[in-house]
Amino acid sequence: MASGAILDLEGLQTLIDALRGRGYRVMGPTLRDGAVALTEISSIDDLPRGIGDEQEAGRYRTHPRGDKALFGFAATAQSAKAVLFPADERLWRGVRSSAGFDVCDATTEAVPVALLGIRGCDLAAIGIHDTILLGRRAIDAHYATRRGHCLLIAVTCATPAGTCFCSSMGTGPRPGEGADLTLTELLDADGHRFLVETGTAAGADVLAGLATTPASATDHAAADAVVAAAETQMGREMRTDDLTDLLFASAESARWDDVADRCLACTNCTMACPTCFCTSVEDVSDLSGDIDDRHRVWDSCFSMEYSRLHGGAVRTSTGARYRQWLTHKLGSWPQQFGMSGCVGCGRCITWCPAAIDLTVEVAALRDDAEHREATRTGALPSSTKR
Ligand code: SF4
Ligand code: SF4
C-alpha cells in the first residue's frame, strides 16, 4: 500500500496553525516588491497564490499563472541561508571596565523556525552547510543553535525556472533527504491538495496531529507526474562528471579574461548563492568608545580585499577572482567537503547584473579544453590554435 497522507487547503492551514501552536516562527514564500521572498507567514493567504516566476540571466519577473497554485514558482529570491546563517551577526561585545574590558559572548536566541516551501536545491544547500558548519572540528555555535531548532518542510518543484539546473546537480526537482516533511502540490481534476511524506520523527509528530486522509496510488502517480513534467522544464543543464579535472586544467584559459570583461565584481552571485559562506569580521564601537561589538558579515571572494594577505591582495584581477569562485565551487569544493558546492538553484545566473551564466562559462571552458587537446594531438592544424 502507498504511504503518505493528503492535506487539502484547509489542512495546509492547520499545518501552519499547528506549527505556530508549537512555538515555531513559520517562514514561507510571499510576494514582496515584485519577487517571491522568504518571510514570516501565518496563513495560506500569505502565500503567492496563482503567481509564477520568469527567470533568465540577469532577469527576474513574476506573473499571474492563471490558476490557484500556492507554490507555482521556482526557488525564492533569497535562500534559507539568510535565516540560518544571517548576513550580519554579532559575535561578541567588549565593554570597558575599571579593570580593562570585559568580553561577553553574543548568544544566539533559540527561536524555533519552520521553513515551509523550501525546494530541493535549497534543502541540499542546507545539507552542505550542515557538513561544513557542523560536521568538522570547529562547530559554528550560532548556526548550530538555529539549525537545531529548525523544521524543514520542503515542496516539490513543479515549475522550474529558466535558470534552474537541479536535475544536473542531483538535488531536485523532488526534494532529497533532510526534510522533516515533503509536500507535493496537486492541482487536477481530483482537487487542490498536497501529498505529504514524512522524512523524520519530528515531521511525523507534527503530521500526526493533523486531520489527513491516506494518499492513494492515484495521488502518488499524480505526484510522480509533477516531478516528471518538472524534469522536462529545466532551463539549464550542466555536465558534472569532469568538473574538477576540467577546472584544474583550465587555470590558464583565456576564458577568464573574457568573463572579466563582463563581470562587475559586484558580489551579487555569492550573496544570492545558498552555499557560499565566506565571511569577514567588522568591529563597531559606540560613540563613547566604551563598547565595541564584533560582527560577522557575509563577504565574497569577488571582493579584492577578501584575498588580502601580508603585503596585499593575491587575486588582484576580476578574472582571477571569478576563476577562484568557479574553480572552488565546482572543482575543489568536492575535494574539500566531499560534495559539489553548487546545487543548481540558478540564483547566481538570475541575479547577475551582467547576465554571466556559470553553465555557459563551464561549457566554454570545456570547449577550450577540447580544442587544446585536439590541437595537441594533431586532430586540428596548429593554425587554428586559440
Ligand atoms: S559574476 Fe555577475 S553577479 Fe558575480 S560578481 Fe560578476 S557581475 Fe557580479
Ligand atoms: S553557484 Fe549559482 S547555481 Fe550553484 S548553488 Fe550557487 S547560486 Fe545556485
Side-chain angles (χ1 to χ4, degrees), residues 38 53 55-60 74-82 84-85 118-129 131-132 157 160-173 175-176 234-240 243 247 255-278 298-307 315 317-334 337 339-365:
L38 186 60
D53 60 6
Q55 299 190 42
E56 262 309 325
R59 180 180 168 81
Y60 180 99
T76 46
Q78 314 107 317
S79 71
K81 178 171 84 170
L84 296 172
F85 190 75
I118 60 168
R119 307 310 169 95
C121 55
D122 286 339
L123 187 66
I126 291 172
I128 290 172
H129 278 180
T131 299
I132 295 169
C157 247
T163 51
C164 290
F165 56 104
C166 62
S167 280
S168 298
M169 305 314 292
T171 61
M234 293 288 146
R236 297 286 195 278
E237 62 180 353
M238 186 161 72
R239 181 180 151 193
T240 59
L243 287 175
L247 285 154
R255 188 69 188 182
W256 306 117
D257 293 332
D258 183 279
V259 75
D261 284 344
R262 292 170 280 137
C263 176
L264 308 171
C266 66
T267 79
N268 265 15
C269 47
T270 48
M271 299 296 118
C273 178
T275 71
C276 282
F277 63 100
C278 288
W298 288 357
D299 204 340
S300 168
C301 53
F302 279 84
S303 109
M304 187 154 76
E305 284 301 297
Y306 196 71
S307 72
R315 289 189 285 273
S317 71
T318 303
R321 297 201 287 281
Y322 187 86
R323 177 178 62 188
Q324 155 66 24
W325 176 69
L326 197 66
T327 304
H328 185 217
K329 185 70 67 184
L330 301 175
S332 53
W333 194 301
F337 303 122
M339 59 189 62
S340 174
C342 176
V343 295
C345 72
R347 288 188 182 92
C348 58
I349 307 170
T350 299
W351 298 104
C352 175
I356 294 169
D357 177 341
L358 83 169
T359 66
V360 171
E361 298 311 321
V362 165
L365 290 170

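Remember, it's a predicted structure, so these values are computed and weren't measured experimentally. One-based numbering, in listed order, for ligands and for the atoms of each.
Looking from atom 4 (Fe) of ligand 2 to the surrounding protein, the closest heavy atom is C342 SG, 2.4 Å. Protein heavy atom in closest approach to atom 7 (S) of ligand 1: L264 N, 3.1 Å. From the protein, the heavy atom lying nearest to atom 2 (Fe) of ligand 1 is C352 SG, 2.3 Å. Atom 6 (Fe) of ligand 1 has its closest protein heavy atom at C263 SG, 2.3 Å. Counting protein heavy atoms only, atom 3 (S) of ligand 2 is closest to G346 N, 3.2 Å.
Nearest heavy atom pair, residue C301 against residue Q324, reads CB-CG, 4.2 Å. Looking at every heavy atom in both residues, K329 comes nearest to C276 through NZ-SG, 3.1 Å. Looking at every heavy atom in both residues, A125 comes nearest to V343 through N-CG1, 3.8 Å.
Atoms of ligand 1 lying under 4.0 Å from at least one heavy atom of F302, given by number and element, are 5 (S). Short contacts between ligand 2 and V343, defined as distances under 4.0 Å to a heavy atom of the residue, involve ligand atoms 4 (Fe), 5 (S). Within ligand 2, counting atoms from 1 as listed, the ones closer than 4.0 Å to a heavy atom of C345 are 3 (S), 5 (S), 7 (S), 8 (Fe). Within ligand 1, the atoms closer than 4.0 Å to a non-hydrogen atom of T267 are 5 (S), 8 (Fe), numbered from 1 in the order shown. Close contacts between ligand 1 and A265 involve ligand atoms 5 (S), 6 (Fe) [criterion: under 4.0 Å to a heavy atom]. Within ligand 2, the atoms closer than 4.0 Å to a non-hydrogen atom of F165 are 3 (S), numbered from 1 in the order shown.
Within the coordination shell of atom 4 (Fe) of ligand 1, defined by N, O or S atoms under 2.8 Å, C269 is present.
Taken to the nearest 0.5 Å, the CZ atom of R321 stands 7.0 Å off from the OG atom of S307. The structure places SG of C263 at 9.5 Å from CH2 of W325, a figure rounded to the nearest 0.5 Å. With rounding to the nearest 0.5 Å, the separation of OG1 in T163 from CE in M234 is 10.5 Å.
In T270, neither the side chain nor the backbone holds a heavy atom less than 4.0 Å from any atom of ligand 1.
Each of L358, D357, V362 was evaluated against V360; a single residue qualifies, D357, per the side chain to side chain contact (heavy atoms under 4.5 Å, CB included) test.
Residue contact check for ligand 2: W325 places a non-hydrogen atom closer than 4.0 Å to it. For A272, the closest heavy-atom approach to ligand 2 does not fall below 4.0 Å.
In this structure, C342 and F165 have side chains that are in contact, with non-hydrogen atoms separated by less than 4.5 Å.
Judged by distance alone, the side chains of S300 and T270 do bring a donor and an acceptor atom under 3.5 Å apart.
The backbone N or O of I356 sits nowhere less than 3.5 Å from a side-chain atom of E361 that would complete a donor-acceptor pair.
The option with the heavy atom closest to atom 8 (Fe) of ligand 1, from among C273, C266, G58, C348, is C266.
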